[in-house]
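Have a look at the structure below before the remarks.
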Amino acid sequence: MKTPLAQTPPMGWNSWNSFGWNISDKLIRSTADLFVESGLKEAGYEYIIIDDCWSEKQRDEKGRLVPDREKFPEGMKAVADYVHSKGLKFGMYSCAGTHTCAGHPGSFEHEFVDAETFADWGVDYLKYDYCYKPAAADGANLYRRMAMALRSCGRDILFSACNWGADDVYSWIRSSGAQMFRSTGDIQDNWFNVNGIICSQLDKSPYSGSFCHNDMDMLVVGMHGNSDNSEVLGGVVGGCTDIEYKTHFAFWAMMNSPLIIGCDVRKMTDITKLILMNRDIISINQDIECRAPYVIRQWNNPEKVFALIRPLSTGEYAVGLFNLSDKKAEMSLQFYDIGLPVSSGRGLEMYDCYTHSIAGVFTERYVTQLGSHDCAVFKARAVKL
Ligand code: GLA
């Protein structure tokens, strides 16, 4: 039997956060090289995705999309072949409207010819945006159309819907056939924005699952305020601290969001690499059961301090403790709340996903102090005392 696409959340890199319009054949090839050299590929990152601004402003005489002749002088097939030669997969971008968000041709009323073109070029992943959607067109129907076009184009192309959570997307996207769906507006490289995305998605986790994942947007981990996009994003970029990047990554992983890197991988620091390639955090994100976490809030600071809990296929539970507040805070996870009463005669053996070692066996509760904007993540197992 053929394995369906995206059983677990897709992992990769996308050009938009760091490069915006400033993309090229050379950038994509060097990113593919670095995926292999830096260990990203081995850590599970697979897709190299070109976002907006890759095409000429006009289609050709047959109505086909044309790659920008200066940025991609050898065309897209050559880029795809190079990415494939590294054992990686190649992603591209289009839009359900008449134009992409940056004003290039969109796929509206060209869905089938575009899917065919992407298949000819060797594309494995299509991000599909929502700008310039004609007001009279039904959004759900446009995503169904492109899903149909991709599913009949003769090549496996993962369909990454990007309508920013608009039009009640949660209620119809899974049945459209898309493998992931953007649920938020564009992420920005600062804590205020990342924190806002976290708070907006806490109650949305049940909508995500195998074969159709809630995409909370591309990661800003490791950007440190360096983006060619600062102007596009209104100059509100700023950067995050490494602690904030660690928490951002852990939250996306716990929520089963796709992990699509947005930094310039040629400039990753050692700490950025540690965050992005933490095998234990990635294993939680990639757990085959893709179960949604539930939230347990700290009684005296419920808005800002909470735990996310989810069962893993290994018999363990992923436990993420988060402090979104601007001060150090206590988080006390009462085991009763996660189904382990004292009467069970059991405690939790907690494996720390940052030290990669067992922190101990705890009974009744686990209490810790979390620094401002910091988190702790464990894999916990119920054991007899
Ligand atoms: C929208 C999307 C972004 C990016 C840009 C490109 O804003 O949400 O992720 O693709 O368009 O123009």
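Start at 1 and go down the list; that is how both ligands and their atoms are numbered.
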What orientation do W172 and Y143 show, parallel under 30°, tilted 30 to 60°, or perpendicular over 60°? tilted

Do W13 and Y45 make the cut of ring centroids closer than 6.0 angstrom? no

Note: ligand 1 atoms sitting under 4.0 Å from heavy atoms of R182 are 8 (O), 9 (O)

Identity of the nearest option to atom 4 (C) of ligand 1, non-hydrogen atoms only, from D51, N17, I187, N163: D51

Could you find the nearest protein heavy atom to atom 3 (C) of ligand 1 and give me its residue, atom name and distance? D186 OD2, 3.4 Å

For Y354, is the NZ or CZ atom of K246 found under 6.0 angstrom from the centre of its six-membered ring and inside 45 degrees of the ring axis? yes

Please report whether ligand 1 has a polar contact with W16, defined as an N or O pair separated by less than 3.5 Å (distance criterion only). no

For M148, does the CE atom sit with more than 12 other heavy atoms under 6.0 Å from it, leaving out its own atoms? no

Can you name the atoms of ligand 1, numbered from 1 with element, that are less than 4.0 Å from a heavy atom of K127? 3 (C), 4 (C), 9 (O), 10 (O)

Structural part of T100 in contact with ligand 1, heavy atom criterion under 4.0 angstrom: neither

Charged N to carboxylate O below 4.0 Å: is that the case for K89 and D156? no

Backbone, side chain, both or neither: what part of C162 comes under 4.0 angstrom of ligand 1, heavy atoms only? side chain

Please identify which atoms of ligand 1 are closer than 4.0 Å to at least one heavy atom of M218. 9 (O)

Could you check N195 against H373 for side-chain hydrogen bond (donor to acceptor under 3.5 Å, both in side chains), going step by step and ending with a plain yes or no? CA-CA 9 Å; N195 181 65; H373 305 174; over 6 Å; no

Atoms of ligand 1 less than 4.0 Å from C101 heavy atoms? 1 (C), 11 (O), 12 (O)

List ligand 1 atoms under 4.0 Å from D52, heavy atoms only on the residue side. 6 (C), 12 (O)

Who's the nearest protein heavy-atom neighbour of atom 2 (C) of ligand 1, and how far? D129 OD2, 3.1 Å

Please verify the inter-ring angle class for Y207 with Y170; under 30° counts as parallel, over 60° as perpendicular, anything in between as tilted. tilted

